[in-house]
Asks: 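Got a structure here, written out as structure tokens. Questions coming.
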Amino acid sequence: MAETKNTTKTFPLNTGHSIPAIGLGTWQSSPGDVTSAVSAALKAGYRHIDTAFGYGNEREVGEGIRLSGVPRDQIWVTTKLDNTWHKRVSEALDKSLENLGLEYVDLYLVHWPSSTEPGSDGKKHYEDWDFVDTWREMQKLVGSGKVRAIGVSNFGIRNLERLLGDPSCKIVPAVNQIELHPANPSPKLVAYCSEKGIHCSGYSPLGSTGSLLNKNPTLTALAKEKNRSVQQVLLMWGLQKGWSVLPKSVTPERIEANFDLDGWSLTEEEVAKIDAIKDRFKICGDRWLPVKVFFGDDE
Ligand SMILES: NC(=O)C1=CN([C@@H]2O[C@H](COP(=O)(O)OP(=O)(O)OC[C@H]3O[C@@H](n4cnc5c(N)ncnc54)[C@H](OP(=O)(O)O)[C@@H]3O)[C@@H](O)[C@H]2O)C=CC1
Ligand SMILES: O=C[C@H](O)[C@@H](O)[C@@H](O)[C@H](O)C(=O)O
């Protein structure tokens, strides 16, 4: 079996930067838990942390980074522009930087292609503004020294086509952070992004909180055969498919176990078995948004 070294692996971006393949997720990590989780992850060797303004924990994520003692320039930090800040992009980034206690983030993402009015709890979509306008503002951040790269999240093919086809789009997003696990594999979207030079980061790689994948017979059988956990098999699958993975945990043993991804791999047959899983579910659909974002299958 090929010797793999995933813990130091990076994926190249269209900016010339390289994103570490394994990042700690922090959605739903409470402010009280996330500082120790981030610090534990960095001490265990993670070099990539994923947060968002909307997670309400940027401040504590920043504390975790400092607590770890790992130098800032060795860590990849991603945060995201909230839907209600699309008309205030530069201000939103400053707010996130202040929360995090950082001078720059490595990656700043448009969290959703949904631009909503402040105070509307994300429910009222602007009539005179959408994600193409937001991207025009995002592009102005490049060169400010406050972001290394800019990208998007939850963009399907239809919205990417609109964005890339607009004359105001001068910078191709470096990353599209999307839901990717065997029950939402989105092969067309992944292929489209690859063709356009956009790296995919896979969110909810374990199937998220209370994962329905934990009892999937294909995955449990494979994990048993390989003497690995279902979570490790899921993360290895994502890495071998070619995307970075963002497992979230606030449990120290799980944070370490999710990083035990060196020196083993899945065979082509094992990857194919996971690809053949027929269950389908989406953790983050678009029902809570005032605009449709996903258009069926992975478009
Ligand atoms: N751009 C976007 O819109 C989105 C981005 N994301 C990003 O992706 C990250 C990951 O996705 P998320 O939805 O959080 O879910 P994950 O797929 O990472 O699953 C997290 C859940 O799995 C549990 N878990 C973690 N490791 C193990 C393990 N080894 N054994 C058993 N259970 C385990 C965690 O529990 P516990 O913490 O209690 O250990 C938690 O309940 C997010 O945290 C966020 O950073 C996620 C959703 C949307
Ligand atoms: O990144 C995580 C998700 O996008 C999450 O922020 C959204 O799905 C939404 O805000 C929610 O809480 O349901």
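First listed ligand is number 1; within each ligand, the first listed atom is number 1. Remember, it's a predicted structure, so these values are computed and weren't measured experimentally.
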Asks: How does Asn258 reach ligand 1, if at all, at less than 4.0 Å between non-hydrogen atoms: by side chain, backbone, both, or neither?
Replies: side chain

Asks: Looking only at protein heavy atoms, identify the closest one to atom 20 (C) of ligand 1 and say how far it is in Å.
Replies: Lys248 O, 3.4 Å

Asks: How close does the nearest protein non-hydrogen atom get to atom 27 (C) of ligand 1, and which residue and atom is it?
Replies: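 Sorting protein heavy atoms by distance from atom 27 (C) of ligand 1 puts Arg254 CD, 3.5 Å first.
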
Asks: Going by side-chain heavy atoms closer than 4.5 Å, which hydrophobic residues are tied to Val250, directly or by a chain of links?
Replies: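 Once heavy-atom contacts under 4.5 Å are chained together, Val250 still belongs with nothing else.
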
Asks: If you measure from each heavy atom of His111 to ligand 2, is any distance below 4.0 Å?
Replies: yes

Asks: Measuring from non-hydrogen atoms of Gln28 to any atom of ligand 1, is the shortest distance under 4.0 Å?
Replies: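 Per 4.0 Å heavy-atom rule, Gln28 does not contact ligand 1.
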
Asks: Please check if the distance between the ring centroids of Phe131 and His111 is under 6.0 Å.
Replies: no

Asks: Go through ligand 2 atom by atom and flag the ones less than 4.0 Å from a non-hydrogen atom of Trp288.
Replies: 7 (C), 8 (O), 9 (C), 10 (O)

Asks: Using non-hydrogen atoms of the residue, decide whether Ala52 is closer than 4.0 angstrom to ligand 2.
Replies: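 False for this residue.
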
Asks: So which of Tyr203, Trp27, Tyr55 gets nearest to atom 8 (O) of ligand 1, if we judge by its closest heavy atom?
Replies: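 Result: the heavy atom closest to atom 8 (O) of ligand 1 is in Tyr203.
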
Asks: Is there any N or O on Asn154 that sits under 3.5 Å from an N or O of ligand 2?
Replies: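 Min N/O separation from ligand 2 is not below 3.5 Å for Asn154.
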
Asks: Atoms of ligand 2 less than 4.0 Å from Cys284 heavy atoms?
Replies: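 Atoms satisfying the 4.0 Å criterion: 3 (C), 8 (O).
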
Asks: Judged by non-hydrogen atoms, does Trp112 sit under 4.0 Å from ligand 2?
Replies: yes

Asks: What orientation do Tyr46 and Phe259 show, parallel under 30°, tilted 30 to 60°, or perpendicular over 60°?
Replies: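 Geometry flag for Phe259 against Tyr46: parallel rings.
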
Asks: Counting the benzene-type ring for Trp, do His181 and Phe281 have ring centres under 6.0 Å apart?
Replies: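 Yes.
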
